[in-house]
Amino acid sequence: MLMKTKNIKDYIGVFDSGAGGTTVLKECVKLLPNENFYYYGDSKHAPYGEKSTKEIQDRTMEAINQMLNHGAKAIVVACNTATSAAIWLARDVFPDVPIIGVEPALKPATADHKNIVVLATEKTLALDKFHELAKEYAKDVNVYPVAGEGLAGAIEEGHLDDEVIQNLLHKCLDQYVGKADAIVLGCTHYPIIKDQILKILDVDCYDGGEGTARQLKRKLEENGLLTKSEEKGNVLFESSLDEAVDLYKKVYDAYNI
């Protein structure tokens with residue numbers, strides 16, 4: 001199923017349920033331009049936010065296992081839902097491999113703001129990871145968890161700036177206009193539509209992509225895994241749904257950090 005492309009070596013595997021992780025991928029490539037990256041999106045089974053924890057764990061572990069079997073030196077789980085549901089399991093099974101996840105950027109948001117919307121999938125908001133973050137970093141602020149119902153699925157269908165996305169966003173966010181002073185994008189799909197989000201909530205915006213890239217670099221350095229190449233690395237895309245690859249490339253090329 002995975003790794004139909006064989007001409008990439010010494011690479012970092014980046015995994016998401018679909019197109020969303022390309023936003024994290026771009027941050028990683030910006031910080032580590034000489035590394036090779038292989039991006040795999042599981043669009044055939046997206047969105048993960050509507051699946052059971054067991055399903056998410058099974059899909060995530062299958063992808064990670066196949067990447068490692070084909071020579072990945074590190075893994076980025078570029079999906080908030082998969083990180084919340086499965087990264088602890090992946091690290092237990094593969095303790096010698098740097099496995100980096102992504103999480104809602106509550107810590108930087110709470111440094112300067114008191115009323116914060118966290119827009120994420122229902123599954124991410126329900127799992128322990130989010131509640132642990134809120135307990136640690138949001139003791140003295142108001143956090144408004146908002147499930148982005150339908151958003152990831154609509155993005156997977158190619159609705160990036162149309163009435164479908166706009167209607168879904170208004171349904172999620174209109175009640176927080178004038179109430180919130182920041183928004184945390186707790187799903188890697190959501191930075192793709194950041195401009196549309198900020199048209200409704202004109203506030204400071206945070207996501208976890210940059211922090212994930214920095215953590216990836218730290219882990220590569222700690223493990224002596226940084227490439228020695230001085231040439232620009234390759235970035236390859238694959239998907240469990242072949243036609244989704246064009247969307248990945250489109251989003252990756254258009255996404256402005």
[atom2] on [Y] to [atom1] on [X], rounded to 0.5 Å:
| X | Y | atom1 | atom2 | answer |
| --- | --- | --- | --- | --- |
| L133 | S84 | CG | OG | 8.0 Å |
| E132 | L106 | CD | CG | 12.5 Å |
| L216 | L32 | CG | CG | 5.5 Å |

Give a yes-or-no answer on whether the side chains of [X] and [Y] include a donor-acceptor pair shorter than 3.5 Å.
| X | Y | value |
| --- | --- | --- |
| H131 | D128 | no |
| T81 | T124 | yes |
| E35 | Y11 | no |
| N34 | E230 | no |
| D162 | H159 | yes |
| H45 | E55 | no |

Taking the six-membered ring where the residue is Trp, are the ring centres of Y206 and H113 under 6.0 Å apart?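 Ring-ring flag for Y206/H113: true, centres closer than 6.0 Å.
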Flag the pair Y39 / Y248 as yes when their ring centroid distance falls below 6.0 Å, and as no otherwise.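 So the answer is yes for these two rings.
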Can you list the steps and then say if R218 with E222 is a salt bridge (Lys or Arg N to Asp or Glu O under 4.0 Å)? CA-CA 6 Å; R218 281 194 293 268; E222 288 173 8; 5.8 Å; no
List the steps, then state whether salt bridge (Lys or Arg N to Asp or Glu O under 4.0 Å) holds for R59 with E62. CA-CA 5 Å; R59 300 303 309 167; E62 180 181 355; 3.3 Å; yes
CD (Q215) with more than 12 external heavy atoms under 6.0 Å: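 Yes, the 6.0 Å shell around CD holds more than 12 heavy atoms from other groups.
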Picking from L119, L198, I197, D195, what satisfies side chain to side chain contact (heavy atoms under 4.5 Å, CB included) with C205?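 Only match with C205 under side chain to side chain contact (heavy atoms under 4.5 Å, CB included): L198.
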With a distance cut-off below 6.0 Å to the six-membered ring centre and an angular limit of 45° from the axis, does K123 pair with Y48 as a cation-pi contact?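 Cation-pi check for K123 and Y48: fails.
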Within 45 degrees of the axis of the six-membered ring of Y252 and under 6.0 Å from its centre: does K26 put its NZ or CZ there?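 Ring-cation test returns yes.
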Let me see the working for D58 and K54 under salt bridge (Lys or Arg N to Asp or Glu O under 4.0 Å), right down to the final yes or no. CA-CA 6 Å; D58 288 347; K54 180 64 164 57; 2.8 Å; yes
Ring-plane angle category for Y176 and Y144, please: parallel below 30°, perpendicular beyond 60°, tilted otherwise.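 Rings of Y176 and Y144: tilted, 30 to 60°.
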State plainly whether the residues D10 and K73 are in salt-bridge range, i.e. N to O under 4.0 Å.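 Here D10 pairs with K73 in a salt bridge, since their nearest N and O are under 4.0 Å apart.
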Which atom names give the shortest non-hydrogen contact between A180 and V117, and what distance separates them?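 So the two residues come closest at CB-CG2, 3.7 Å.
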